[in-house]
Amino acid sequence: MPDVKYDQLTPSQRKAVFHAEGPLLVIAGPGSGKTRVITYRVAALINSGIKPDNICAITFTNKAADEMCQRVVALGIPAEGPRFAGTQPHISTFHSLCVTILRQYADKTGINPNFSIYNESDQSRCIKQAVKDCELDTTDFPPARMLDNISKLKNRLIDVDSFKTEANDFLRKTLARIYDHYQRILAEHNALDFDDLLVKTAFLLEGSGEVCSELGNRFKFLLIDEYQDTNHAQYKIARAFVSAHNNICVTGDPDQSIYRWRGADIRNILAFENDWPDATVIKLEENFRSRPKILEIADKLITVNRNRKKKKLIPIKPPIAHVVVTAFEDETEEAEAVAQQVKELKDKGASLNDIAVFYRVNAMSRVLEEAFIRNKMPYQVVRGVEFYNRKEIRDLLAYLKILVNPSDEIALLRIINTPPRGIGKTTVDRVRAYAALHNITFFDGLKNAEDIDSLSKAAKAKIVAFVNMLEQFKKDVAGKVAALTERAFVESGLEKSLRDSGDQGKTALENVNELINAAHRYDQQTEEPSLLDYLQQIALFSDADAYDASSGRVALMTLHAAKGLEFENVFIVGVEEGLLPHERSNAGEDKDELEEERRLFFVGITRAKTQLYISCARYRTVRGQLLRTIPSQFLFELGLDFTERPQENIASSCVTQSTIRNMQYDFAPGQRVRHKSFGPGTVKEFIDMWENSIVVVKFNSGQTKSLMVKYADLSKI
DNA sequence: CTTGAGTTGGTTTTT
DNA sequence: CCAACTCAAG
């Protein structure tokens, strides 16, 4: 068995890691090492003789899953990719797990395993069609609203039939009809939306004791990170999974629940002890991440929430910190100040990897980007889905999707005339009418084009050519994904059309190249690469997955994407009423939503280790209109001297120690330093004792000295 | 059938 | 403000 070093663990972490069997709830504040507990517990279970593939760990994002796999491997335990694979622990998100299960148990669900996963824009097309099919107007029944309602129903595991029986007023009855049509359209396309992945899996487990016990047998230990953000469907899946053995271990922090709007049910974690009465509860309250001052304001803020259990944040780190709240004139000035502060930090030796800027809405990244470009500071906007939402990428992927799942009408409609090949709306409508009449898929309709009398000879010929092209591609489906992607790109004519379209096409070409590179990486890194698997994986890609921790660039991201990360220096911008809390959160009336916005700010604050810069602007341009803003109520809750409305510039409200001194108090082994009389040397050891910290330096002269940092006057080189 | 100009409407967070 | 959609001319 591998030799895992457990000595880094604190007693309470140790207790959680080595908890023998049965349900375990780990309530843990920010920066307390809860993910570490899961990681080490996986290792400890394997060391105690549990077979690796009997363990299933659930993370919140794919990124988190990848990282956990890597850490488990680093502990000496084999754990390659996040998927079902023989001798390894299964580490993945709930959604990936569901995809795997649904593929494996296709015969039990009747869902073709080649299903497409529909994202927001695909869903939007389907719902529009559904509303139209119901002969309703999209102005009376806004697609986005309908989708939102349907999603809420799905999160509560209410299917079409049971909603039909409970809907008794006109509005709900209509919604039931739309829901019905929407599900039918998805089924016809052999597609599942994000919610369906969970819903179908939950129903599969609920409906089949056999599957349940099979999976319970397969996974004898279930571990779930970020349990506070699970929804009802995920809860049901978890319950069904462990019904045979109750070996469930969850970690979470109710104060960091920020996905209520997506169906996350905070009651899951609050009621854990009711659900599993023999549960052991372990609290991790020590915080290894942030300096005390940061924890102090975080605590002041979160204490305002009424609907919460009291929890301590016990600081471990020395008390030197830098917390600043500043009001700027407008968003440009704010962004400029952030960029310049970043520059200063960099000049003082900070790595750009250790700096992050958080904001409430994605639209706010633009003004920051401009400021970073002006100041020549490298940055990355953490927005993973953006890439996959580009037109050229979606077009090319649609070609691949249709090869795997010919029923995917959304994909087919997307590419049938992209690039233009003379198959226009009229032709498409005629084929669709034919397909509907004969009760076949659109693709089969195209295949039968010769038999469709309404089509012109020219149209028929074009369709035949198109279908033949796809059939040619199909022959390569079993091969490498990258090769097929490239082939489809060239032979479809997409490449030529991009090359012919000037500058815009040039960046598009670069993007496609990037996609082909990514596909190539997939081919190499995956044990059994398949086009289906590749497409389903990238469909579950999230913003947070795009974060590169060692890019050497400042990270710009939403507060939501910041979940689970930590940085030495954190900027939180736009802390204004209407933005944080966001107006659309209905935070004015709905207290729960206001509390969720507060938790979001709390999550942002607690990402910071040492330096925290919070700011607002007095004027902000929203949708092209310059508006006067009001500082966020949350700013007044931090317990800083932020009592009056910000007039000009609010100077530092709270500076425990100056930034410069603080920087000098931290030395890591390996750091090159210079001493006034001893000359240059290398730090061997740093004993952190607040202002009495001691540093051990081996000087170039050969001698090694222990020095008190505050007297030694060392400078970093 | 294609293209581009003009209009409309929707604007949070994301697996 | 911008993206998605509509519509009319070529």
Side-chain angles (χ1 to χ4, degrees), chain A residues 58-65 92-99 117-121 123-125 128 138-139 142-145 147-148 151 154-155 192-199 226 229-231 233-234 257-264 358-367 382-386 388-389 391 416-429 456 458-459 462 497 501 536-546 557-563 574 578-587 593 596-597 599-601 603-604 621-627:
Chain A
I58 306 279
T59 56
F60 195 71
T61 62
N62 289 303
K63 180 94 185 168
S92 78
T93 63
F94 255 114
H95 288 261
S96 300
L97 176 68
C98 290
V99 167
I117 298 170
Y118 275 6
N119 71 1
E120 225 178 312
S121 76
Q123 288 183 72
S124 160
R125 283 174 189 278
K128 277 176 194 159
T138 46
T139 40
R145 250 259 150 63
L147 222 40
D148 199 49
S151 175
K154 286 184 178 178
N155 280 323
L192 301 178
D193 64 22
F194 288 120
D195 297 320
D196 282 337
L197 295 174
L198 303 173
V199 171
E226 308 279 15
D229 278 318
T230 51
N231 66 22
Q234 291 167 327
S257 167
I258 54 175
Y259 284 94
R260 200 180 87 109
W261 52 274
R262 205 175 77 184
F358 304 149
Y359 37 81
R360 177 65 233 266
V361 297
N362 279 305
M364 292 167 72
S365 73
R366 236 179 103 162
V367 62
V382 179
R383 194 116 209 267
V385 295
E386 201 179 57
Y388 289 95
N389 277 334
K391 187 185 177 306
I416 191 163
N417 203 29
T418 310
R421 51 173 69 86
I423 307 177
K425 195 172 179 305
T426 0
T427 309
V428 168
D429 283 346
S456 70
K462 285 168 187 163
S497 90
S501 58
Q536 291 184 340
Q537 265 196 43
I538 59 177
L540 298 177
F541 206 65
S542 76
D543 279 355
D545 297 333
M557 68 186 92
T558 63
L559 284 158
H560 283 89
K563 182 186 173 112
L579 215 43
L580 185 67
H582 197 278
E583 55 186 351
R584 292 267 304 175
S585 75
N586 206 5
E593 295 200 14
E596 171 140 323
E597 295 285 312
R599 288 194 293 270
L600 191 54
F601 192 27
V603 167
T621 319
V622 183
R623 297 200 290 275
Q625 220 113 41
L626 187 68
L627 298 176

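Reminder, nothing fancy here: chain letters follow the sequence lines and each chain counts from 1. All values derive from a computational prediction rather than experimental measurement.
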Student: Checking A/Y259 now: which residues fulfil ring pair (Phe, Tyr, Trp, His ring centres under 6.0 Å) with it, not counting sequence neighbours?
Tutor: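 Listed in chain order: A/F60, A/W261, A/H560.
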Student: Please classify the nucleic acid contact of A/R366 as base, sugar-phosphate, or nothing, using heavy-atom distances under 4.0 Å.
Tutor: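 It contacts sugar-phosphate atoms only.
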Student: Given atom CG of A/N389 and atom C1' of C/dC2, what is their separation to the nearest angstrom?
Tutor: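 Answer to the nearest Å: 16 Å.
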Student: Can you tell me if A/R125 has over 12 outside heavy atoms packed within less than 6.0 Å of its CZ?
Tutor: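 Count not over threshold, so no.
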Student: Got a salt bridge between A/R260 and A/D229, using NZ or NE/NH1/NH2 to carboxylate O under 4.0 Å?
Tutor: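 No salt bridge links A/R260 with A/D229.
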Student: Main chain of A/L580, side chain of A/R360: is a donor-acceptor contact present, judged purely on distance under 3.5 Å?
Tutor: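 Here the side-chain-to-backbone pair does not exist.
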Student: Is a donor on one side and an acceptor on the other found under 3.5 Å between the side chain of A/N417 and the backbone of A/G422?
Tutor: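 At least one qualifying donor-acceptor pair exists.
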Student: Roughly how many Å apart are B/dT13 and C/dA4, using the P atom of each and rounding to a whole number?
Tutor: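 That atom pair is separated by 15 Å.
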Student: Using a 4.0 Å heavy-atom cut-off to protein, can you give one letter per nucleotide of nucleotides 1-6 of chain B, 5' to 3': B if the base is in contact, S if only the sugar-phosphate is, - if neither?
Tutor: SSS---
Student: I'd like to know if the side chain of A/D148 reaches the main chain of A/A144, judged simply by a donor and an acceptor atom lying under 3.5 Å from each other, with no hydrogens or angles considered.
Tutor: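 Not a single qualifying donor-acceptor pair exists.
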Student: Could you point out which residue of A/V99, A/I538, A/D196 forms a side-chain contact (heavy atoms from CB on, under 4.5 Å) with A/I117?
Tutor: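 Going through the options one by one, the only one that passes is A/V99.
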Student: Is any side-chain heavy atom of A/L540 less than 4.5 Å from a side-chain heavy atom of A/L197?
Tutor: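 Touching, per the 4.5 Å side-chain cut-off.
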Student: Produce a footprint string for nucleotides 9-15 of chain B: one letter per nucleotide, 5' end first; B if the base is under 4.0 Å from any protein heavy atom, S if only the sugar-phosphate is, - if neither.
Tutor: --BBBBB
Student: Contact class for A/K128 (heavy atom, under 4.0 Å): base, sugar-phosphate, or nothing?
Tutor: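 The answer is sugar-phosphate, as A/K128 gets under 4.0 Å only of primed atoms, P, OP1 or OP2.
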